[in-house]
Amino acid sequence: MKKRITSIFILLFMALSAYSVPKHIDEDLKVFKKYMEQCYVAYDENVELGFDLDKTIKNIKKDFDREVKWAKKTNQKYSEDEILAGKMSYHLWKDLKVKDRHLTIRFSNGSYSVLYDERNYFSPLYFEKQGNDYILLNNYDSEVKKGTKFGGDVSNLKKVIYNNQEVYQYIFPTTELNLKTVPIKLDKKEYKISAKENIRFDNSKNEKQVNSIKTKDSYYLSLGKFLKYNSEENSDYRKYLADIVDEFQKHPTHSNLIIDLRSNTGGVSFSYKLLPSLYFFDDMAKIESYLNIIKLAEIGTKTLYSTEILDYEIKKIEKNTKNESKTKLQKLQNEYKKVAEKGGRYFEKSEYKANALLQEKPALFRGNTYLLVDNKTSSAAEDFIAKTFLVDEDKVFIVGENTSGTLDFYDTYDYELPNTKVKLTLCAESLKDTGLLSKNPKWHGDTKGFYPDYWATNETILDTLVYLTKDEELRNVLSGLGNGQK
């Protein structure tokens, strides 16, 4: 009798745990595996740390099957591509060992980032550092009063400008959404206090994507997005930038250069074009020296070469009839042959021998640079930040909140699964081991980004700028800065 009951339980367990996916889903996941193994620069590093792609795919199938069956049983409408994208995103988030903010899964009606956004909740509590202690400067309620000593994690105390002085604000980072209160420890006792997120805005409505405003002492430049610099369709964008640079070069005695990168989600980086023009004008010797410094900083860039990457790009270009595409196609086909001769997949780390005759030369613009950022500043915008520090790190200050953290891995390619059309964004380059990032103490890695010298919300950013620049005229010309880029 016991044997029979045990057998029934075993059969029941097997029935419940059994799963299967349609043939076209299975085919898509085989292609997904191929792209991960052949086209993802961080794949090998993840495997070395214990990542098992076959196990991940098995769990994706299991969860996909379970959700589809539930939808059918409850007569709910469902979309296979959305379910598959969701399960891929969840299990990659759970299983991958190396954080990569660029890794994204897209479906017909949206996308999933493999990493959850970390949000900053700004509290109304400000502290002053006295010796090794942080003492509360303002009253909150009948229990949390001025003079109370902070007893929590001091990394959550961020330098801000408050009442025209440099103090520390309690800012709580978390992936949780829509919090109204956050925990804090004061004098060994736990409290809950109110807090709110920074206001976000959208740059996509900015038609020009670039603008400038000047005062006697300051020059403000907003960059909404980095568009492809040399493409025909962006000729107006190029002209706007050229006019702004020309205007800036006429006034090299400005004390402050303010570059607004808030909500700039990146695009195609052209830091090597814009930064030399802003800081070295037309002095070719200085520009050559600066570009030499960039090359030195990028030593250690790890690039994945793969016939799968090239094959995917070749097929895309073969569908394009433009003349410039034919030239690019020939170049890719030649590169494909070279990679195939070397085994079809390999890594290279960049090396560069600096020109000993090129000495570091000071910028012609000698004022301070203030980079305005928020949690949406990412990718090519972060590359711009990193390379701005190479001009003169002692004169560059970040203001706002920490950036997105989307720069450890770079050079993205989009791959499409054949049946569901789910798209997978993978990087072919790693910048983790370059001096560009590893030697910059303000870079805290993917998902953390660049930490500001002075934290500010969009509500307090103008007051912070005026305090730092000592330029009261900014209050008028940048009025409304809290609502978005000017």
Side-chain angles (χ1 to χ4, degrees), residues 86 89-105 110-127 134 136 138 140-141 143-144 148-160 162 167-202 262-263 265 372-379 381-382 398-408 441-461 464 482:
S89 173
Y90 171 73
H91 285 287
L92 286 175
W93 164 76
K94 192 164 67 72
D95 296 344
L96 284 173
K97 311 300 179 183
V98 181
K99 292 180 179 179
D100 174 9
R101 193 63 187 271
H102 265 124
L103 183 50
T104 307
I105 315 290
S111 66
Y112 292 109
S113 172
V114 171
L115 294 172
Y116 296 137
D117 286 345
E118 188 170 85
R119 299 159 184 274
N120 296 309
Y121 287 86
F122 290 74
S123 82
L125 301 188
Y126 299 88
F127 295 81
Y134 292 86
L136 185 60
N138 56 315
Y140 175 71
D141 59 20
E143 287 191 77
V144 179
T148 307
K149 186 170 75 172
F150 182 72
D153 183 354
V154 295
S155 68
N156 290 335
L157 296 180
K158 309 296 188 184
K159 187 188 289 186
V160 298
Y162 173 70
V167 297
Y168 296 86
Q169 184 176 10
Y170 181 68
I171 301 172
F172 185 75
T174 179
T175 56
E176 292 186 51
L177 304 176
N178 304 318
L179 293 183
K180 300 299 181 186
T181 62
V182 294
I184 188 172
K185 191 173 183 181
L186 298 166
D187 281 344
K188 299 181 180 180
K189 188 175 179 181
E190 298 283 350
Y191 296 91
K192 286 279 189 179
I193 56 169
S194 63
K196 60 181 181 179
E197 285 187 73
N198 190 13
I199 300 168
R200 301 288 192 276
F201 55 84
D202 183 4
R262 289 175 300 159
S263 294
T265 55
L372 310 188
V373 302
D374 62 17
N375 210 232
K376 287 174 70 176
T377 305
S378 55
S379 194
E382 291 176 305
I398 301 177
V399 181
E401 58 181 330
N402 61 305
T403 60
S404 169
T406 316
L407 192 57
D408 275 345
K442 292 173 187 175
W443 175 253
H444 290 255
D446 263 31
T447 73
K448 299 291 185 183
F450 283 100
Y451 276 28
D453 297 275
Y454 296 91
W455 289 67
T457 64
N458 288 325
E459 292 175 344
T460 63
I461 202 160
T464 302

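All values reported here derive from a predicted model rather than from experimental measurement.
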Contact check, side chains of L103 and L96, non-hydrogen atoms, under 4.5 Å | yes
Within a strict 4.5 Å, meaning less than it, do heavy atoms of the W93 and S113 side chains meet?
-> no
Within a strict 4.5 Å, meaning less than it, do heavy atoms of the E118 and T447 side chains meet?
-> no
Can you tell which of T403, D446, D408 makes a side-chain contact (heavy atoms from CB on, under 4.5 Å) with E382?
-> T403
Heavy-atom closest pair (V154 atom, Y134 atom, distance to 0.1 Å) is CG1-CE1, 3.9 Å
T460 side chain to A456 main-chain N or O, any donor-acceptor pair under 3.5 Å?
-> no
Under 3.5 Å, side chain of S89 to main-chain N/O of I105, donor-acceptor pair present?
-> no
Heavy atoms, side chains only, cut-off 4.5 Å: are E143 and Y191 in contact?
-> yes
Can you name the closest pair of heavy atoms from S111 and T104 and give their distance?
-> CB-CG2, 4.2 Å
So how far is it from F172 CZ to E197 CD, rounded to the nearest 0.5 Å?
-> 12.5 Å
With a 4.5 Å limit on heavy-atom distance, are the side chains of K192 and P183 in contact?
-> yes
Near K149 NZ, under 6.0 Å, is it more than 12 heavy atoms from other residues, nucleotides or ligands?
-> no
What are the two closest heavy atoms between F127 and V167, and how far apart are they?
-> O-CB, 3.4 Å
Name of the residue among K158, K376, R200 meeting salt bridge (charged side-chain N to carboxylate O under 4.0 Å, His left out) with E401 = R200
Evaluate side-chain contact (heavy atoms from CB on, under 4.5 Å) for V114 paired with D100, printing each intermediate quantity in order.
-> CA-CA 8 Å; V114 171; D100 174 9; over 6 Å; no
Do V160 and T464 come within less than 4.5 Å of each other through their side chains, counting heavy atoms only?
-> no
No-hydrogen, no-angle side-chain donor-acceptor test under 3.5 Å, N120 and N402 = yes
Please report the C-alpha distance between Y170 and F150 in whole Å, then the side-chain angles of each, then the deciding distance to 0.1 Å, and finally whether the side-chain contact (heavy atoms from CB on, under 4.5 Å) criterion is met.
-> CA-CA 10 Å; Y170 181 68; F150 182 72; 3.8 Å; yes
Is the backbone N or O of K189 less than 3.5 Å from a side-chain atom of D187, with the two atoms forming a donor-acceptor pair by type?
-> no
Would you confirm whether Y454, through its side chain, and I461, through its main-chain N or O, come within 3.5 Å as a donor-acceptor pair?
-> no
State whether Y451 and K442 meet the cation-pi test: NZ (Lys) or CZ (Arg) under 6.0 Å from the six-membered ring centroid, and within 45° of the perpendicular axis.
-> no
Going from CG on L125 to CD1 on I193, what distance comes out if it is rounded to the nearest 0.5 angstrom?
-> 4.0 Å
4.5 Å side-chain heavy-atom contact, R101 and S378 | no
May I ask you to check whether over 12 heavy atoms, not counting those of K94, lie within 6.0 Å of atom NZ?
-> yes
Search all heavy atoms of Q169 against all heavy atoms of S123 and return the closest pair with its distance.
-> NE2-O, 2.7 Å
Let me know which of N458, T377, N198 forms a side-chain hydrogen bond (donor to acceptor under 3.5 Å, both in side chains) with R262.
-> N458
Pairwise distance OG1(T457) to NZ(K196) - rounded to 0.5 angstrom = 7.0 Å
Could you check if a side-chain atom of T148 sits within less than 4.5 angstrom of a side-chain atom of Y140, using non-hydrogen atoms only?
-> no
Closest approach of Y168 to K159 (non-hydrogen atoms, all atoms of both residues) = CD2-N, 3.8 Å
